[in-house]
Amino acid sequence: IDYKSSAASLSQYSSWLRNDKIQLILYSLAIENAWTDIDPQKVVSAVYYVVQDLNRDTGFKVLNHEGLFSVGDRKKNKIEMKERDELLKSGYEQVQKTISNILSGQFHPVPKRVEDCQDCKWRELCRAKHLSQ
């Protein structure tokens, strides 16, 4: 569970990789791969807890592993274990690629979608080359 004050920028697991929202994937990988002080465990739920409305439906919940949580029939957060495994594998590969780029010196600000720069709140602080020309 990751706590958020509002759900404004949150999305379901199906768009995390596409939108570079990998926080809960990283937490899941850390727990499963013993990158923390706790013993490794299989992650069957990774959700944001939105304090504003006390909601924890954004994220994923593995079907047939209900215990501390329930998976509603109409919820977009339900996921099969096989799909969850692929999500974590793809997330790991994305992180590895990013780390490799950083280690080779490739970490200059390059927007994924240049058209988003017109609406970005951080535009004045960003050092992306296309903004300083």
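Residue indices begin at 1 and follow the sequence shown.
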- Task: Answer yes if the side chains of Lys21 and Gln12 hold a donor-acceptor pair under 3.5 Å, and no otherwise.
- Result: no

- Query: Which word best sums up how the rings of Phe60 and Trp16 line up, parallel for under 30°, tilted for 30 to 60°, or perpendicular for over 60°?
  - Reply: tilted

- Task: Calculate, to the nearest 0.5 Å, the distance between atoms CG and CG belonging to Asp2 and Leu26 respectively.
- Result: 11.0 Å

- Task: Indicate the atoms forming the closest heavy-atom contact of Asn55 with Thr58, along with that distance.
- Result: OD1-N, 4.2 Å

- Query: Taking Asn77 for the side chain and Asp57 for the main chain, is one N or O donor matched with an acceptor at less than 3.5 Å?
  - Reply: yes

- Nearest heavy-atom contact between Ala7 and Gln52 is N-OE1, 4.4 Å

- Query: Do you know which two heavy atoms are closest between Ser90 and Leu17, and how far apart they sit?
  - Reply: CB-CD1, 3.3 Å

- Query: Do you know which two heavy atoms are closest between Gln23 and Tyr48, and how far apart they sit?
  - Reply: OE1-CE2, 4.1 Å

- Task: Could you go through the side-chain contact (heavy atoms from CB on, under 4.5 Å) check for Leu63 and Ile79 one step at a time?
- Result: CA-CA 6 Å; Leu63 292 167; Ile79 190 171; over 6 Å; no

- Say whether, by atom type as modelled, one donor and one acceptor occur between the side chain of Ser100 and the main chain of Gln96 under 3.5 angstrom. no

- Query: Do Val51 and Leu24 belong together in a cluster built from hydrophobic side chains that touch within less than 4.5 Å?
  - Reply: no

- Can you name the side chain to side chain contact (heavy atoms under 4.5 Å, CB included) partners of Ile1, sequence neighbours left out? Tyr3, Val47, Tyr49

- State plainly whether the residues Arg84 and Glu32 are in salt-bridge range, i.e. N to O under 4.0 Å. yes

- Can you list the residues that meet the salt bridge (charged side-chain N to carboxylate O under 4.0 Å, His left out) rule with Lys89, with sequence neighbours excluded? Glu93

- Item | Ser104: side chain to side chain contact (heavy atoms under 4.5 Å, CB included) partners, not counting sequence neighbours | Gln106

- Message: Would you say Ile38 ends up clustered with Val43 if hydrophobic residues are merged whenever their side chains have heavy atoms under 4.5 Å apart, either directly or through other cluster members?
- Response: yes

- Rounded to the nearest 0.5 Å, what's the gap from OG on Ser14 to CD on Glu83? Could you check? 8.0 Å

- Message: For the residue pair Asp20 / Gln94, report whether a side-chain donor-acceptor contact shorter than 3.5 Å exists.
- Response: yes

- Query: Are any non-hydrogen side-chain atoms of Val44 and Lys61 less than 4.5 angstrom apart?
  - Reply: no

- Query: CD1/Ile22 to OH/Tyr27 distance, rounded to the nearest 0.5 angstrom?
  - Reply: 11.0 Å

- Query: In Å, rounded to the nearest 0.5 Å, how long is the span from CG of Asp53 to OG of Ser6?
  - Reply: 9.0 Å

- Query: If you measure from NZ on Lys78 to CG on Asn64, what distance do you get to the nearest 0.5 Å?
  - Reply: 11.5 Å

- Separation between OG1 (Thr98) and CG (Leu103), nearest 0.5 Å, reads 11.0 Å

